[in-house]
Amino acid sequence: TQLLEQSPQFLSIQEGENLTVYCNSSSVFSSLQWYRQEPGEGPVLLVTVVTGGEVKKLKRLTFQFGDARKDSSLHITAAQPGDTGLYLCAGVDNAGNMLTFGGGTRLMVKP
Amino acid sequence: KAGVTQTPRYLIKTRGQQVTLSCSPISGHRSVSWYQQTPGQGLQFLFEYFSETQRNKGNFPGRFSGRQFSNSRSEMNVSTLELGDSALYLCASSPGGNEKLFFGSGTQLSVL
């Protein structure tokens, strides 16, 4: 069974601060996805990273896939209250069959 | 394009009952996956259906079952409900696999 561990589990910061969320595993994934989930809704895909070492930017969000394709990070610059939500990473196994989700990081950005 | 639709949105059942949840995927999507989300366990994979066939299955007891119809709509059934089955059940659709999932808003099931 492939496991994904996310840290921290909870994060409460002030508007304007920077933060990094981590997603780690001992397993290799063919690709890794990041989702954001708001209360009462399903997760929404933010980005997919496929190549080891890949960096993708989505406005103030920067996603990185580890060189060995076992870990990933999400960095948010100048966080805003609208960034509040549950951030989930999910890895696709090498056969492309299974998508395993991490436990999530619950982010609260206070105005 | 309409998103993934899950019904009902909320459901309250008692122990021992059974429940059926419904999911209508995005038009043209042939893969439908089901997940259980709880505060303690996070998002856990139940099963995936593609073209009416179960393609992958998670580690849940046989009380959890599903099916997919020819129009790609899917249903999930839980029999002999237990208190621990209380959770948000999420359905996700994709064109073919795990490349990009589109989630519905979920069905919040409470078992009393």
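Throughout, a chain's letter reflects where its sequence line sits, starting with A, and its residues are numbered from 1. All values derive from a computational prediction rather than experimental measurement.
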Against chain A, label B:Gln37 side chain, backbone, both or neither, depending on which of its atoms sit under 4.5 Å from a heavy atom there.
side chain
Taking a cut-off of under 4.5 angstrom between non-hydrogen atoms, the residues of residues 8-20 of chain A near chain B are none
Looking at B:Asn71, I want to see if its CG is surrounded by more than 12 non-hydrogen atoms of other residues, nucleotides or ligands under 6.0 Å.
yes
Could you give the distance from CD (A:Gln37) to CG (B:Leu88), rounded to the nearest 0.5 Å?
6.5 Å
Nearest-0.5 Å distance that lies between atom NZ in B:Lys100 and atom CD in A:Gln33
10.0 Å
Would you sort out whether B:Leu43 and A:Tyr35 count as a side chain to side chain contact (heavy atoms under 4.5 Å, CB included), showing the intermediate values?
CA-CA 12 Å; B:Leu43 261 163; A:Tyr35 292 80; over 6 Å; no
From B:Tyr35 atom OH to A:Leu99 atom CG, the distance as rounded to the nearest 0.5 Å:
4.0 Å
Determine whether more than 12 heavy atoms belonging to other residues, nucleotides or ligands lie under 6.0 Å from atom CZ of B:Arg73.
yes
Mark yes when over 12 heavy atoms from residues, nucleotides or ligands other than A:Gln80 sit less than 6.0 Å from its CD; otherwise mark no.
yes
Path from A:Val47 to A:Val21 over hydrophobic side-chain contacts below 4.5 Å
yes
Would B:Phe103 end up clustered with B:Val32 when hydrophobic side chains under 4.5 Å apart are linked, directly or stepwise?
no
So which heavy atom on A:Leu45 is nearest to which on B:Leu101, and how close?
CB-O, 4.4 Å
Group every Ile, Leu, Val, Met, Phe, Trp and Tyr by side-chain heavy-atom contacts under 4.5 Å, then state whether B:Leu46 and A:Leu88 land in the same group.
no
To check you understand the geometry: which heavy-atom pair defines the closest contact between B:Leu90 and A:Gly42, and what is its length?
CD2-CA, 3.9 Å
Same apolar cluster (I L V M F W Y, side chains within < 4.5 Å links), B:Phe64/B:Phe50
no
Is there a ring-ring contact (aromatic ring centres under 6.0 Å, His included) between A:Phe101 and B:Phe45 once you walk through the steps?
CA-CA 8 Å; A:Phe101 279 84; B:Phe45 173 72; 9.6 Å; no
Contacting region of B:Arg55 [heavy-atom separation from chain A under 4.5 Å]:
neither
Among the options B:Gln44, B:Gln41, B:Arg9, B:Glu48, pick out the one with the most heavy-atom pairs lying under 4.5 Å from chain A.
B:Arg9
Relative to chain B, which segment of A:Thr48 carries a heavy atom at a distance below 4.5 Å: side chain, backbone, both, or neither?
side chain
Can you establish whether the number of heavy atoms outside A:Leu58 located under 6.0 Å from its atom CG is more than 12?
yes
Consider only side-chain heavy atoms of I, L, V, M, F, W and Y, link residues closer than 4.5 Å, and tell whether A:Trp34 and A:Val50 are in one cluster.
no
Contact class of B:Phe102 relative to chain A, heavy atoms under 4.5 angstrom:
neither
Looking at B:Arg15, I want to see if its CZ is surrounded by more than 12 non-hydrogen atoms of other residues, nucleotides or ligands under 6.0 Å.
no
